[in-house]
Amino acid sequence: MSEEAKPEGTEEAKVKAAAAAKAAAAAKAQADAVPPRPLPSPEDIAEWIGGAEANIGILFEGLALKRYDAFNTQIRAKEIVGQHWQVISDVGEPDEGEFDGLPEVGRLRALYKDQDLSRRRLAALKVAWTELRGMRPSHWTLPDLLAALRRILDKKIEVDYNDLLAATRDLWRSSALAAKHDQVDLLWASLNLIRKGTKK
């Protein structure tokens, strides 16, 4: 004698549905409980560009490469930077000892009075310098910085983004070349665009 088919909406199905609803509600409550990232305001970015301290690097923490590439597309579309990227050849990594002897590294050391701050920012700058295959930081433009950031994100290299951005900003701001001061303005425009498109 065959078993009778259980009618739809049995107790077992109701229990499963209730458990799924409870799990979904718990997941939503947990997501709601996580405080939003304290993103910098446009005013924070403007003050930071002027030399103030702010956590601008949080814009890049945990940023997916696909999302970063979308931001780069927007930056190029708005003509903040040129349409063409400089190709970075896949040559070997530069000799680490060269970095410490660069005049711009010495200039930043003299600029930072706090030795711990100097060590942190130069360490972050060195990561980007390595990813740009030893291209001198004094020669960087915004596309070079963006390319270094992309490689860092792609390889999931641990770096303090805030220290990297601040060291680059300070290098450009302290340069005697007007063209480097223009890079600071381009960085400002790019960070504002990224901030606008970043969800808390």
Side-chain angles (χ1 to χ4, degrees), residues 37-40 44-45 48-49 51-73 75 80-81 85-109 111-112 114-175 180 183-184 186-195 197-200:
R37 290 195 299 161
L39 297 178
D44 292 333
I45 294 172
W48 179 86
I49 283 291
E53 294 299 320
N55 188 2
I56 302 302
I58 199 165
L59 293 171
F60 298 92
E61 290 173 11
L63 183 62
L65 185 63
K66 188 174 179 180
R67 188 75 182 122
Y68 179 78
D69 286 343
F71 284 136
N72 278 328
T73 299
I75 289 167
I80 295 172
V81 300
W85 290 90
Q86 177 182 352
V87 175
I88 303 171
S89 61
D90 284 325
V91 295
E93 292 187 2
D95 179 2
E96 287 192 13
E98 291 176 21
F99 181 80
D100 292 325
L102 295 174
E104 55 266 42
V105 170
R107 191 166 86 231
L108 284 176
R109 276 200 187 96
L111 183 67
Y112 298 133
D114 183 323
Q115 286 189 358
D116 182 54
L117 179 68
S118 176
R119 273 193 298 273
R120 281 192 356 248
R121 290 202 173 159
L122 289 174
L125 192 71
K126 188 173 185 177
V127 170
W129 171 80
T130 301
E131 289 309 306
L132 291 175
R133 299 297 187 252
M135 181 182 187
R136 286 188 57 180
S138 61
H139 296 169
W140 293 358
T141 60
L142 181 61
D144 299 315
L145 175 62
L146 294 174
L149 284 167
R150 188 187 191 286
R151 284 183 161 225
I152 290 166
L153 286 165
D154 186 32
K155 295 179 180 180
K156 296 179 173 56
I157 299 170
E158 283 194 29
V159 67
D160 188 313
Y161 293 103
N162 200 55
D163 283 333
L164 170 57
L165 292 165
T168 306
R169 171 205 63 188
D170 294 340
L171 190 61
W172 287 341
R173 280 173 44 88
S174 64
S175 174
K180 294 304 173 186
Q183 297 306 307
V184 176
L186 296 176
L187 178 59
W188 181 10
S190 298
L191 290 171
N192 275 321
L193 187 148
I194 291 169
R195 166 59 181 91
T198 302
K199 292 180 181 176
K200 291 189 176 185

Please report the interatomic distance [atom1]([X]) to [atom2]([Y]), rounded to the nearest 0.5 Å.
X    : Y    : atom1 : atom2 : result
Q115 : L122 : CD    : CG    : 11.5 Å
T168 : K180 : OG1   : NZ    : 10.5 Å
L187 : T141 : CG    : OG1   : 11.5 Å
L125 : L102 : CG    : CG    : 9.0 Å
I58  : D44  : CD1   : CG    : 11.5 Å
L59  : L149 : CG    : CG    : 11.0 Å

Exercise for review: State, with a plain yes or no, whether a side-chain heavy atom of L186 is found less than 4.5 Å away from one of Q183.
Suggested key: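 Result yes, sub-4.5 Å side-chain heavy-atom pair found.
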Practice item. Could you check if a side-chain atom of P38 sits within less than 4.5 angstrom of a side-chain atom of N55, using non-hydrogen atoms only? Key: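 They are not in side-chain contact.
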Between [X] (side chain only) and [Y] (backbone N and O only), is there a donor and an acceptor less than 3.5 Å apart?
X    : Y    : answer
S175 : L171 : no
D100 : G97  : no
Y68  : F60  : no

Any residue meeting side chain to side chain contact (heavy atoms under 4.5 Å, CB included) with [X], in chain and number order, not counting sequence neighbours:
X    : result
S138 : E104, R136
V159 : A124, V127, I152, Y161
R173 : R169, V184

Point to revise | Residue list, ring-ring contact (aromatic ring centres under 6.0 Å, His included) with W129, at least two apart or on another chain | key: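 With sequence neighbours excluded, W129 shows a ring-ring contact (aromatic ring centres under 6.0 Å, His included) to F99, given in chain and number order.
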Check your understanding: Taking only residues at least two apart or on different chains, which pairs with a member in residues 152-161 satisfy salt bridge (charged side-chain N to carboxylate O under 4.0 Å, His left out)?
Key ->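 Checked against salt bridge (charged side-chain N to carboxylate O under 4.0 Å, His left out) - neighbours excluded - the pairs reaching residues 152-161 are E131-K155.
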Review point. Which residue pairs pass the salt bridge (charged side-chain N to carboxylate O under 4.0 Å, His left out) test when at least one of the two sits in residues 120-129, sequence neighbours left out?
Key: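 Listed by first then second residue: E53-R121, E96-K126, D116-R120, R120-D163, R121-D163, R121-D170.
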Please report the closest heavy-atom contact between [X] and [Y], naming both atoms and the distance.
X    : Y    : value
A167 : Y112 : CA-OH, 3.4 Å
W172 : P137 : NE1-O, 4.5 Å
I75  : L146 : CD1-CD1, 4.3 Å

